[in-house]
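Okay, so here's the structure we're looking at.
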There are 2 protein chains.
Amino acid sequence: MTLTAGESRDAIGSEELEVWRMLQRAQVRITRLLEADLMVAHDLALASYDVLNQLAESPGRRLRMNDLAERVLLSRSGLTRLIDRLQRDGLVEREACASDARGLFAVLTDAGADRLAEAAPTYLRGIRSRFLDVFDEDELRQCAAMLNKLFPEAAG
Amino acid sequence: MTLTAGESRDAIGSEELEVWRMLQRAQVRITRLLEADLMVAHDLALASYDVLNQLAESPGRRLRMNDLAERVLLSRSGLTRLIDRLQRDGLVEREACASDARGLFAVLTDAGADRLAEAAPTYLRGIRSRFLDVFDEDELRQCAAMLNKLFPEAAG
DNA sequence: GCTATGTAGATGCGTGTGCAACGTTCTAAG
DNA sequence: CTTAGAACGTTGCACACGCATCTACATAGC
C-alpha cells in the first residue's frame with residue numbers, strides 16, 4: 001500500500017479488506033456470466049431481463065417509470081432509453097397514468113411476458129449453478145441474514 | 001413470475017432467488033456510494049483507484065497491461081483508455097518491457113502514489129462504515145469462507 | 001531462415017449510462 | 001385564482017466500456 005501518513009488507525013487488516021474485494025470480484029464475474037448466458041440464448045441484456053421481471057411481478061404488469069428505475073438500479077434517463085428499446089422490440093408499452101398526468105406506466109406486453117418466460121429458465125439455471133448450488137441451506141440463511149443487516153430497508 | 005412450462009424443477013424457492021437479488025443490490029449500491037465518496041473528495045473514479053492500488057501493491061509499482069486488466073476486471077481496450085487518462089493526469093506512465101517488445105508496463109508515478117495515499121483513507125473509511133462495521137468477526141469469517149467456495153482460484 | 005499461429009496492446013465503432021437542463025403537471029401558500 | 005416550488009419523464013451531451021479489427025512481435029514447425 002505504501003501509505004504515507006494519517007493512517008494511524010485506518011490500516012485495516014488486509015484480510016478484512018480482502019473480503020470486500022472478493023465480494024466485488026465474485027459479484028461482477030457472476031453477473032457477466034449470467035448476462036452472457038442471456039445474450040447468447042435469448043439476445044436479452046440482463047437489465048432488460050430485470051425490467052421485464054419486475055413488471056411481471058407487479059400488479060397489472062405495470063409500474064411507474066420512477067418506481068421501476070429504482071428497482072432496477074437505473075437512473076431515470078437510463079430507464080427512459082431502456083424502455084425505448086424494449087418498446088421498439090414490442091416487449092413493453094407506455095401507458096398514461098390516469099391519476100397523474102405527468103406519470104407514465106411501463107406495461108409488459110404479451111410478447112414481453114413470453115420472452116421473459118423463455119428466458120427465465122436460463123436465468124434461474126445460471127443463478128442456481130453459479131451461486132445457489134455452491135452453498136448449503138445454512139450458508140444461504142447466513143448470507144440472507146447478513147444482507148438484511150446491510151440493507152434492512154430492502155427486505156421486500 | 002408467471003412461468004408457463006418447462007419449469008418442473010426450476011421453480012426455485014423465491015427466498016433463495018431473493019438472496020441473489022439482495023446481493024446484487026447491496027453490491028451495486030455500496031459500490032456507487034464508494035465511487036461517489038472518491039469522486040467528491042478526490043475526483044477519482046473507483047476504477048482508477050483500483051488501478052493505482054493494484055500497481056502500488058505490485059513489485060516495482062508496475063504491472064503488464066494484460067495482468068492489470070484481469071485484476072481490475074476490465075477488458076484490454078478498457079484498460080488502454082483508462083491508462084491513457086491516468087497517464088494524461090500524470091498518475092501512471094507506460095514503460096517498455098525488456099523481455100518482450102510487445103509488452104508494456106503500467107508504472108505508478110510518485111504523483112500517482114501520492115494521489116492514492118490521499119484517497120486511501122476515504123476508500124477505507126467507506127468500506128469500513130458501509131460494509132465491515134456492519135458485521136462481527138464471525139460473520140466476516142463466514143463470508144470469506146463462502147467467497148472462497150465461490151471462487152477457489154481467487155484466493156490471492 | 002521462413003512461414004503459420006498465437007499473443008500484447010491500440011483503435012474504430014456502436015452501445016449504454018449518468019448528469020444537467022428542459023417542459024409539463026402537481027401541490028401548497030397567499 | 002395565482003404563483004412558487006417540487007416531482008415526473010425526456011433530451012443533449014459527454015463519457016466509459018466492450019467487441020471486432022489491426023499492427024507489431026513472439027514462438028513453433030518445417
Side-chain angles (χ1 to χ4, degrees), chain A residues 24 27-29 31-40 43-52 55 62-89 91-107, chain B residues 24 28-29 31-40 43-52 54-55 62-89 91-107:
Chain A
Q24 184 102 332
Q27 202 276 341
V28 170
R29 294 183 59 170
T31 297
R32 290 189 187 173
L33 290 173
L34 289 177
E35 171 128 40
D37 287 348
L38 283 175
M39 284 301 292
V40 305
D43 192 33
L44 203 62
L46 192 54
S48 301
Y49 181 91
D50 283 341
V51 164
L52 299 182
L55 291 178
R62 76 193 52 215
L63 232 37
R64 290 285 293 268
M65 293 293 285
N66 218 344
D67 297 348
L68 186 53
E70 265 182 34
R71 302 202 194 194
V72 298
L73 298 172
L74 235 52
S75 68
R76 291 194 212 4
S77 60
L79 182 64
T80 292
R81 326 281 188 161
L82 179 50
I83 294 293
D84 285 348
R85 282 168 258 150
L86 293 176
Q87 189 167 21
R88 171 172 51 71
D89 295 346
L91 306 181
V92 159
E93 281 174 353
R94 272 177 244 246
E95 206 169 291
C97 174
S99 62
D100 186 340
R102 296 170 299 181
L104 286 180
F105 284 107
V107 187
Chain B
Q24 184 101 334
V28 170
R29 293 183 59 168
T31 297
R32 289 189 186 172
L33 290 173
L34 290 176
E35 171 128 40
D37 288 347
L38 284 175
M39 285 301 292
V40 305
D43 192 33
L44 203 62
L46 191 55
S48 301
Y49 181 92
D50 282 342
V51 164
L52 299 182
Q54 286 292 340
L55 292 178
R62 75 194 53 216
L63 233 36
R64 290 286 294 269
M65 294 293 284
N66 218 345
D67 296 349
L68 186 52
E70 265 183 34
R71 300 202 196 195
V72 298
L73 298 173
L74 235 51
S75 67
R76 289 189 200 46
S77 61
L79 182 64
T80 292
R81 327 279 189 163
L82 178 50
I83 294 294
D84 285 347
R85 281 169 260 149
L86 293 175
Q87 189 168 21
R88 171 172 50 71
D89 296 343
L91 307 180
V92 157
E93 281 174 353
R94 272 177 242 247
E95 207 169 290
C97 175
S99 63
D100 187 338
R102 296 170 301 180
L104 286 179
F105 285 107
V107 187

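The sequence lines fix the lettering, A, B, ..., with proteins before strands; numbering per chain opens at 1.
- Look at CE on Met39(B): it is 13 Å from C1' on dA14(D), rounded to the nearest Å.
- If you take CG of Leu44(B) and P of dA16(D), they are 12 Å apart, rounded to a whole angstrom.
- As rounded to whole Å, 11 Å separates atom C1' of dT17(C) from atom CG of Leu82(A).
- Between Leu86(B) and Val51(B), the shortest heavy-atom contact is CD1-CG1, 3.6 Å.
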Between Gln24(B) and Leu46(A), is a side-chain contact (heavy atoms from CB on, under 4.5 Å) present by the stated rule, with each step listed?
-> CA-CA 12 Å; Gln24(B) 184 101 334; Leu46(A) 192 54; 4.2 Å; yes
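- Rounded to a whole Å, the CZ atom of Arg85(A) is 14 Å from the C1' atom of dT10(D).
- Shortest non-hydrogen contact noted between Leu104(A) and Cys97(A) is N-CB, 4.4 Å.
- Straight-line distance from the CD atom of Glu35(A) to the C1' atom of dT15(C): 12 Å, rounded to whole Å.
- Gln87(A) approaches Arg94(A) most closely through the heavy-atom pair OE1-NE, 2.9 Å.
- Place Ala98(A) and Gly78(A) on DNA chain C by their nearest nucleotides, and Gly78(A) ends up nearer the 5' end.
- Whole-Å rounding puts the Leu63(A) CG to dG9(D) P distance at 10 Å.
- When rounded to the nearest whole Å, the span between CD1 of Ile83(A) and C1' of dG16(C) equals 14 Å.
- For Asp89(B) and dC15(D), the CG to P distance is 12 Å, given to the nearest whole Å.
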Quick one: side chains of residues 63-75 of chain A, donor-acceptor pairs under 3.5 Å with protein atoms, not counting sequence neighbours, listed by atom name and distance.
residue: Ser75(A); atom: OG; partner: Ser77(A); partner atom: OG; Å: 3.2
residue: Ser75(A); atom: OG; partner: Gly78(A); partner atom: N; Å: 3.0

Contact state string [nucleotides 3-10 of chain C, B base, S sugar-phosphate only, - no protein heavy atom under 4.0 Å] = ---BBSBB
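- Within a 6.0 Å sphere centred on CD of Glu35(A), other residues, nucleotides and ligands contribute more than 12 heavy atoms.
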